[in-house]
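Notes for the one structure printed next.
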Protein chains: 2
Amino acid sequence: MGRPYEFDRNETLTKAMDVFWEKGYKATSIDDLVDRMGIQRGSIYNTFGDKHELFLSAVEHYGDVVTSRTLKVLEADGSAVENIKKFLDVIVNTPPDRRSKGCLISNTVVELAPHDEEVANVVKAIMKKIQSAFQKCLERAVEAGELPETTNTRVLSNFLATSTHGLIVTGKSTPDKKQLKDVVDVILSTL
Amino acid sequence: MGRPYEFDRNETLTKAMDVFWEKGYKATSIDDLVDRMGIQRGSIYNTFGDKHELFLSAVEHYGDVVTSRTLKVLEADGSAVENIKKFLDVIVNTPPDRRSKGCLISNTVVELAPHDEEVANVVKAIMKKIQSAFQKCLERAVEAGELPETTNTRVLSNFLATSTHGLIVTGKSTPDKKQLKDVVDVILSTL
DNA sequence: TTTATTGTTGACTGAATGTTCAATATTGTG
DNA sequence: CACAATATTGAACATTCAGTCAACAATAAA
């Protein structure tokens with residue numbers, strides 16, 4: 001009982017996530033969050049705790065929503081190698097202004113992970129999830145005969161995860177789609 | 001004439017650079033800089049301008065000192081391909097606690113480049129410098145017969161630069177040297 | 001020695017930041 | 001209707017922040 005919430009928790013958390021994604025942790029003020037989340041300071045603290053706690057929830061939310069949705073490409077039916085190509089193409093084909101936001105996970109690894117163990121753990125779990133998704137995809141490719149039996153899927157999945165981060169960082173600073181496309185071709189040549 | 005400086009400008013700028021490198025731009029306070037640079041606030045403003053201007057100088061200094069020194073490996077005599085391997089090994093073999101600092105350039109691309117054109121330009125110039133160093137190295141490898149004449153050195157150098165950023169981001173969050181070593185092996189397999 | 005010039009110092013300022021809280025509003029329950 | 005429980009609001013608070021400045025110190029030139 002008691003007074004019910006006047007907003008949807010998930011929707012509001014998504015809005016907070018978007019702000020952190022755009023501006024980073026330190027550069028985001030509570031005022032920014034009030035503006036974008038559409039609820040007052042007190043409600044934020046009452047519902048999500050302090051800024052740090054809200055950020056942790058936002059990163060977890062990103063893992064649950066954005067990362068999961070993105071990784072679905074890798075699980076699609078048909079050629080697993082083709083799925084990996086499609087996954088990388090998503091990054092390349094994201095318009096420059098949205099690409100400049102990068103990825104909340106890599107942004108957070110760079111800004112906070114070295115100084116914030118709690119954040120680091122959440123982020124590591126999501127990175128592990130990405131690597132695992134690549135590995136499963138590669139294993140499927142081996143089973144289907146798309147890749148040789150000798151393929152070391154663990155090593156190759158780490159390479160793909162690292163390459164993804166590299167693409168995202170490079171993509172943040174260059175609007176040149178062709179340059180990214182060329183890099184993707186080299187990445188795919190290792191398969 | 002007038003009173004002479006009591007500190008060495010380069011030394012002091014290096015100390016500022018180290019703080020920004022460790023903590024990032026937003027998370028670094030003027031007090032942090034006063035503590036580490038060993039001069040008072042007034043002297044910082046008198047010598048380097050405001051925080052933003054000091055940061056720009058620090059990033060340029062990084063390009064002049066750290067990046068240049070690191071890229072020297074690529075210019076060494078002998079096998080150019082071997083030089084690239086050595087370059088990547090430097091990242092892998094950096095101890096985890098220092099690796100967590102990452103690279104001031106990639107840190108800055110992620111934290112500031114999308115919102116700060118002035119910073120973005122400085123950083124882009126340094127990234128271009130890295131790519132050019134790779135390309136020169138690759139061209140030398142082609143000339144020496146280490147790589148086939150058909151090698152597209154521009155594309156491959158972009159791939160190596162992107163891979164370097166990826167390694168640095170991954171290296172920030174994992175202390176596992178073997179994982180990075182494996183990734184480097186895949187990167188080198190493209191040559 | 002005097003003067004002009006410029007570096008040094010640290011207290012001070014105003015603005016921004018994260019957080020709290022008392023007053024109020026809205027629901028379910030007795 | 002009265003009460004308990006909980007959400008909402010925004011003013012208020014303490015802290016931190018970047019930046020300023022008047023007083024002082026150290027040098028070279030006259």
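Order of the sequence lines sets the chain letters (A, B, ...), proteins ahead of strands, with each chain counted from 1.
Between the side chains of Ser29(A) and Asp32(A), at least one donor-acceptor pair of N or O atoms lies under 3.5 Å. Donor-acceptor pairing under 3.5 Å is recorded for the side chains of Lys172(A) and Asn107(A). Between the side chains of Ser100(A) and Asp97(A), no donor-acceptor pair is found at a separation under 3.5 Å. Counted by atom type alone, Thr14(B) and His61(B) present one or more donor-acceptor pairs between their side chains at under 3.5 Å.
The separation between Tyr5(B) atom OH and dG7(C) atom P is 4 Å, rounded to whole Å. One can place CG of Asp8(B) at 15 Å from C1' of dG7(C), the figure rounded to the nearest angstrom. In this entry the distance linking CZ of Arg9(B) with P of dG7(C) reads 11 Å, nearest Å. Taking atom NE2 of His52(A) as the reference point, atom C1' of dT17(C) lies 16 Å away to the nearest angstrom. Atom CD1 in Ile44(B) sits roughly 15 Å away from atom P in dG7(C) (whole-Å rounding). One can place CG of Asp35(B) at 14 Å from P of dT16(D), the figure rounded to the nearest angstrom.
With sequence neighbours excluded, the residues forming a ring-ring contact (aromatic ring centres under 6.0 Å, His included) with Phe87(B) are Phe134(B), listed by chain and number.
Here the closest non-hydrogen pair linking Thr47(B) and Arg9(B) is O-NH1, 3.5 Å.
Cation-pi contact between Lys51(B) and Tyr25(B): present, with separation from the ring centre below 6.0 Å and deviation from the ring axis of at most 45°.
Dashed line: the shortest gap from a side-chain N or O of Gln40(A) to OP1 or OP2 of dT8(D) is not under 4.0 Å. Distances shown here put every side-chain N or O of Ser43(A) at or beyond 4.0 Å from the OP1 or OP2 atom of dA7(D).
Listed by residue number, the members of residues 19-34 of chain B with any heavy atom below 4.0 angstrom from DNA chain C form an empty set.
For the pair Asn83(B) (side chain) and Ala76(B) (backbone), a donor-acceptor distance under 3.5 Å is present. Of the possible donor and acceptor atoms, none in the side chain of Thr190(A) sits under 3.5 Å from a partner among the backbone N and O of Val186(A).
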*asked:* Using a 4.0 Å heavy-atom cut-off to protein, can you give one letter per nucleotide of nucleotides 20-30 of chain D, 5' to 3': B if the base is in contact, S if only the sugar-phosphate is, - if neither?
replied: BB---BBBB--

